[in-house]
Amino acid sequence: MAILIDKNTKLVVQGITGKQGRFHAQQMIEYGTNVVGGVRAGKGGEWVLGKPVFDTVKAAREATGANCSIIYVPAEGAADAILEAVDAEVELIVCITERIPIQDMMKVRAILDHSKSRLLGANCPGLLTPGQSKVGIMPGYIATPGPVGVVSKSGTLTYEAVYALTQRGIGQTTCVGIGGDPINGTSFLDVLQMFEEDPNTEKVVLIGEIGGTDEQKAADFIDKHMTKPVVAFIAGQRAPEGKTMGHAGALVEGNVGTAAEKIEKLKSVGVKVAAYPEQIPDLIMQ
Amino acid sequence: MAILIDKNTKLVVQGITGKQGRFHAQQMIEYGTNVVGGVRAGKGGEWVLGKPVFDTVKAAREATGANCSIIYVPAEGAADAILEAVDAEVELIVCITERIPIQDMMKVRAILDHSKSRLLGANCPGLLTPGQSKVGIMPGYIATPGPVGVVSKSGTLTYEAVYALTQRGIGQTTCVGIGGDPINGTSFLDVLQMFEEDPNTEKVVLIGEIGGTDEQKAADFIDKHMTKPVVAFIAGQRAPEGKTMGHAGALVEGNVGTAAEKIEKLKSVGVKVAAYPEQIPDLIMQ
Amino acid sequence: MNLHEYQAKLRFAEFGIPVPRGKVAFNANEAYEIAKELGGVTVVKAQVHAGGRGKAGGVKVAKTPEDAREHASKILGMNIKGHTVNKVLVDPGANIKGEIYLAVTNDRAARKPLIMASAEGGMDIEEVNRVSPEKIVRVHVDPLIGLRGYQITELASGINLPHDLWKQFEKIAMGLYNCYVGSDATLCEINPLAVVEEYGQTILKALDGKMTIDGNGLGRHPELETLRDTSEEPQEEITARESDLSYVKLDGQIGCMVNGAGLAMATMDMTAHFGEQYGIGPANFLDVGGGADPDQVAAALRIILSDKNVKAILINIFGGITRCDDVARGIITAMSEVPTQLPIIVRLIGTNQEEGLAIINSANLTNMTGAKTLYEAAQKAVEAVRGAK
Amino acid sequence: MNLHEYQAKLRFAEFGIPVPRGKVAFNANEAYEIAKELGGVTVVKAQVHAGGRGKAGGVKVAKTPEDAREHASKILGMNIKGHTVNKVLVDPGANIKGEIYLAVTNDRAARKPLIMASAEGGMDIEEVNRVSPEKIVRVHVDPLIGLRGYQITELASGINLPHDLWKQFEKIAMGLYNCYVGSDATLCEINPLAVVEEYGQTILKALDGKMTIDGNGLGRHPELETLRDTSEEPQEEITARESDLSYVKLDGQIGCMVNGAGLAMATMDMTAHFGEQYGIGPANFLDVGGGADPDQVAAALRIILSDKNVKAILINIFGGITRCDDVARGIITAMSEVPTQLPIIVRLIGTNQEEGLAIINSANLTNMTGAKTLYEAAQKAVEAVRGAK
């Protein structure tokens, strides 16, 4: 058991003919992900890595029954790629692309709200259900099957945390990177709810960062609806106000979105907050 | 019992300070409709016909609890007026205004599809539940309470039919004018379903006209889902192809939307079709 | 409102769609001059609001400017489905390698814009749709989002367009959609969108164009209103539009004046119902609007009387909010302004209908008769025409 | 990217918003000439990317051109919150009768544009929001539909704007929203939108303006990219942007180079955690990107070394898809291109981490030390700075 993806996930790769898309498609296939095809307008009918390429997501879905898509297309075409997947009624859309203009993402969100699709990202590392399926760019070897669900805004910081868990013999149900953009498709809250409902997940790790109020909303949700223990880490305690720390969303505006505020809120609802990433396994084992 | 409106309907009049709006507000108040206020940007705080005027529908709804609005604003502002009422979550919005550009109405429809509101019209005479409430421009005296539901695309033709029924002692539950525009808020099908579910409606009169395929869809619905007898009349049997007959929607395109096609389809599902409006009461009484 | 081919193509060009550099001629000499200026083979095309120009001989290829003059002199003045040709478009000839169909229109049932493409361009698309509908690729557009690139890919892929033309096709499809939105059009059609060889390049070009504008949207596009070709419309319809009346000319003898579009159609139908066996029918559709005030009635009467086929007039008014006695007085007033000896049948129904009919009757207009029902009024009108014959 | 007041106001003007006809001066004489040309009272305003200009003395009213020159000479060169003023805007004075606040911004939580107005213009809006949030009227805009007239009515009505100003207000609010959309802005703010008397008319005018552009949207607006004022940014940040690195200068002594934004923040936090008691902390945030290839590492090193406060360097790389031994070789290569004697602590984690650390150690760079954990690396970096002091 896992959330969002498992061995039955049929994945189509949007932008499979690009450098990134091809490289990571190869990685995913090697991991064991069921990649059923790729999409690139104008390359329909070709084959890449032994998989058929289609002109549109709709055609790919019709031919392969894909229920998940991953997007590796440049920022200027990414919103269009997401909308194409929404239009084709793909259930889970994972967008790796970073630097999508925020006004594009506001429109995408408004459309998603009335659609049959879920978007993960943009600007996220994707997700991984150890031993079953990996959709995105997470290194596969860092994870191992087990009872901990991981959800994070950050890429390498997630790897750090997951690897630390794995090194200590603690496996994961699913590792989910929701991405660091200010407006994205799936929030902490959505994923926490899935972990709460997943019978195989026993504990949850949440990795947040400065900016916005998602972590505070997550804390409210944990307080009201979660029975499973949560361990958190919040990056950016020393970040200055008004400066964007790499992720477009990692920005303290006024006194909104500080790490201190988030940590305090999480602690107030009983979440154990790690002082540094390597402490996460210790807190999980307590 | 009735559909859509009854004595509990609280109505707000958008455009109450205009000539049309004021005149018909007066008529509706005289009929007994519970007009709770009006809306006109810039006239908030004034009083018209003893009713308070508000700057926005939102303010009117908050102050009066209105659950229905009627729109008498010129075509260039009508789409905006509808969206304003949708935004204020008014349950039933009736738009009298004619000549709204069709591309505006396509946008309005797309927004309505995900809203909490129902739109009747545009370009419709409104609706009337005899003895309880009238919302629109139908002359009140033509109708009388009774067991027949009336739904129509046309204004004066509806009056003709309703008046003919009343003259013969046949009363109505509710008379609904859905309007003659090619893209509108409420279709025959929607209203037929309501009449089918309304315990007081025993028989239904449907008045259609050339153009589009709404009457054909209504026939399919009658065939599959209606237990109550339906009498129909279709105007425009002699209309030439490619000419718009007054209503923007009354237009035979190619051989789509002819009266003959509609009449045949309705007859094929057991609907009695009147040869002329004055025959409707005869068929109802059969 | 329909645009002529040359108007549609000029509009397309504003939205970045490649079109031929032809010009319009109003006489044969102008056609000669344009053909000379263009050089080489030209095409002379009747500019008229009627379909089937080609079959009617309204489109001719000219090898020389002299040919163009000759073709133009034959096409100008030609009658195509009741429309007289008074201008021709002289376009340069094209080296056509293929023909595509591309159009944006309103899909009334889906309540959304619809963009359609077919590899079977140059043909009658209705016929393609009848014989092999699968050859037309259809994509609905969300009006809030607009046409997206992937939807154009769906079209290009669906009609098996060669890859080297996709970029051009995308630009043209996006241009056509923008033209449709930016013109409040109900139809923007390119047929054919031709694959032509030009200076060693393969390019897509709109060789023919068709646009219909939503009359209700014209207020937002004053530049389009000026493109209206009133020479293409019956004078009565122009006058009616100016008086804010809804009028359609038909070929019968009974002039109808009715308040409300549905009731006006029902009135037409009823006169045809009784008159058909005698070759008698409605002379027009005319919706005089809700109130039927004296000015509107007078304007309507003038329009009806300008039609020389009219042998009798049927006035059918439902007094809704307005009372029938007021309407009757309005009609009498209008009658005095627009005198006529034709038989007039007046049917008034609604509030104070008896008083209304009494006013009509007491006006002592010998040519005017009252009727109580539409049934009776239509019968009387048919009788009146038969009597006048 | 922030725009200066004068740039924002010029942009507003393009969207139909009335702004004063002032000009920018780079020295006191230019300020004199502009004030003379404008005539009457003028206002001299520091153009600098820092708030609180007024309190810092960066805004002065001048009665004469000579006054304007004097004010400009004092304001130019002034340091406001670490920013040196190198230009001033000279605006004509205005007869101000009232001040409104109007802004469009992204509401991150609602995921929609938000338009806000307040009758308490001219003040610090954060302060208004803190003391009496009900004085700010907030309306969310559906990004697919755009701002609608009734929403502007809601604002005008909500701030009790006199009715005679509604039309102007509607035009300005619509213009500001269009400016926001048409510039990929994250903030368009007018404070104050002043009610001014001019030639006997009462009009609304944007006396101050603020705009922030979404860096990710700049590609669509090359005309805005040219407005970037690089004199306002630390040279390191400009260089980092050119090398496609994400860099933020801080005031500590440990230069950090990390792959990934989250891990980079965690690394900063960890050095501060251990260093705080000694006054030691991170010198920067620096995300070198996922792959950490030699060119990126070299560029990052150059930027870090250009900061003279840096006393030690901490490299923290998670070898994800890339293997740590490859990353280690990349670091060694970069080091040879950008030589330094500062102590460098390298922590590599992920695939082949042991091999990677072995490569670092065997490179025999005496100033370079390996670390196994972030904890250990941060401790070592702090120790290194303490030793260097």
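Per chain, numbering begins at 1; letters A, B, ... match sequence-line order. On a predicted model such as this, the values are computed, not experimentally measured, just so you know.
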At their closest point, which heavy atom of [X] faces which heavy atom of [Y], and how far apart are they?
X	Y	answer
A/A235	D/M265	CB-CB, 3.8 Å
A/Y141	D/G319	OH-O, 2.8 Å
D/A261	A/M245	CB-O, 3.6 Å
A/G236	D/D269	N-OD2, 2.7 Å
A/S154	D/G262	OG-CA, 3.3 Å

Residues from residues 95-105 of chain A approaching chain D under 4.5 Å (heavy atoms):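 So far as heavy atoms go, A/R99, A/I100, A/P101, A/I102, A/Q103, A/D104 are the residues that approach chain D to under 4.5 Å.
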
Side chain / backbone / both / neither for [X] at chain A, heavy atoms under 4.5 Å:
X	result
D/L250	side chain
D/Y180	both
D/E376	neither
D/A264	neither

What residue in [options] has the most heavy-atom pairs under 4.5 Å with chain D?
options	answer
A/Q279, A/K243, A/E76	A/K243
A/A161, A/S152, A/G211	A/G211
A/K153, A/E160, A/H24, A/M138	A/E160
A/Q237, A/R238, A/H247	A/R238

Measuring from atom [atom1] of [X] to atom [atom2] of [Y], what distance do you get when rounded to the nearest 0.5 angstrom?
X	Y	atom1	atom2	answer
D/D142	A/D113	CG	CG	9.5 Å
D/L374	A/L157	CG	CG	9.0 Å
A/Y159	D/L263	OH	CG	11.0 Å
A/R109	D/L144	CZ	CG	12.5 Å

Relative to chain D, which segment of [X] carries a heavy atom at a distance below 4.5 Å: side chain, backbone, both, or neither?
X	result
A/E209	side chain
A/N184	both
A/K107	both
A/Q27	side chain
A/Y163	side chain
A/T158	neither

Selection from D/P143, D/G215, D/A378 maximising heavy-atom pairs under 4.5 Å formed with chain A: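 Of the candidates given, the most pairs with chain A belong to D/P143.
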
Between D/G219, D/G350, D/G217, the one whose heavy-atom pairs under 4.5 Å with chain A are most numerous: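 Among the listed options, the one with the most contacts to chain A is D/G350.
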
Within 6.0 angstrom of [X] [atom1], more than 12 heavy atoms from elsewhere:
X	atom1	answer
D/E126	CD	no
D/D251	CG	no
A/E264	CD	no
A/K217	NZ	yes

Please tell me if the side chains of [X] and [Y] come closer than 4.5 Å, counting only heavy atoms from C-beta onward.
X	Y	value
D/M270	A/E278	no
D/T373	A/Y276	no
A/P182	D/N106	no

Exam field: side chain D/R108 to backbone A/G249, donor-acceptor pair closer than 3.5 Å: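 Yes; at least one donor-acceptor contact below 3.5 Å.
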
Proximity of residues 181-189 of chain D to chain A, residues having a non-hydrogen atom under 4.5 angstrom: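 Near chain A, by residue number: D/V181, D/D184, D/A185, D/T186.
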
